Amino acid sequence: MTPYWQKSSYCSEGEACVHISTGPATIQLTESADPTQATLTTTPASFRALLHALKLDKEPARV
């Protein structure tokens, strides 16, 4: 099955962009400016954990 790639909503026109393809058991990521067209494949649970960690890093420090 050929993956359906969706461009990140944070990408402006003409810039290198992250593309994502989702399935029931995998999530694939690639970057449009990568000439090797390397693809990162992970599980939904691992991707969710990564997004959670990234969101926590952006929160202001609490005192």
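All figures in this text were calculated on a predicted structure; none of them were measured in a lab.
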Undergrad: Go through the structure and list residues passing side-chain contact (heavy atoms from CB on, under 4.5 Å) with T36, not counting sequence neighbours.
TA: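 Partners of T36 by the side-chain contact (heavy atoms from CB on, under 4.5 Å) criterion, ordered by chain and then number, come out as D34, A38.
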Undergrad: Once side-chain contact (heavy atoms from CB on, under 4.5 Å) is applied, do any residues pair with A45, and if so which ones, sequence neighbours excluded?
TA: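 With sequence neighbours excluded, A45 shows a side-chain contact (heavy atoms from CB on, under 4.5 Å) to T43, R48, given in chain and number order.
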Undergrad: Name all residues meeting the side-chain contact (heavy atoms from CB on, under 4.5 Å) criterion together with T26; count only those two or more places apart in sequence or in a different chain, and write none if there are none.
TA: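 Counting only residues at least two positions away or on another chain, T26 forms a side-chain contact (heavy atoms from CB on, under 4.5 Å) with T41.
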Undergrad: Donor-acceptor check, side chain of S21 to backbone of Y4, threshold 3.5 angstrom: yes or no?
TA: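 Yes, the answer is positive, given that a donor and an acceptor are paired below the 3.5 Å cut-off.
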Undergrad: Might you point out which heavy atoms bring Q28 and T39 nearest each other, and give the distance in Å?
TA: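 In terms of heavy atoms, the two residues are closest at CB-CG2, 3.7 Å.
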Undergrad: For I20, which residues count as a side-chain contact (heavy atoms from CB on, under 4.5 Å) partner, sequence neighbours excluded?
TA: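 I20 satisfies side-chain contact (heavy atoms from CB on, under 4.5 Å) with Q6, T22, I27, L29, F47 once adjacent residues are dropped.
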Undergrad: Minimum heavy-atom separation for P24 and P44, please, with both atom names.
TA: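 Where P24 meets P44 most closely, the heavy atoms are O-CG, 4.1 Å.
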Undergrad: Dump the intermediate steps for side chain to side chain contact (heavy atoms under 4.5 Å, CB included) on C17 and S8, then the final yes or no.
TA: CA-CA 7 Å; C17 301; S8 168; 5.6 Å; no
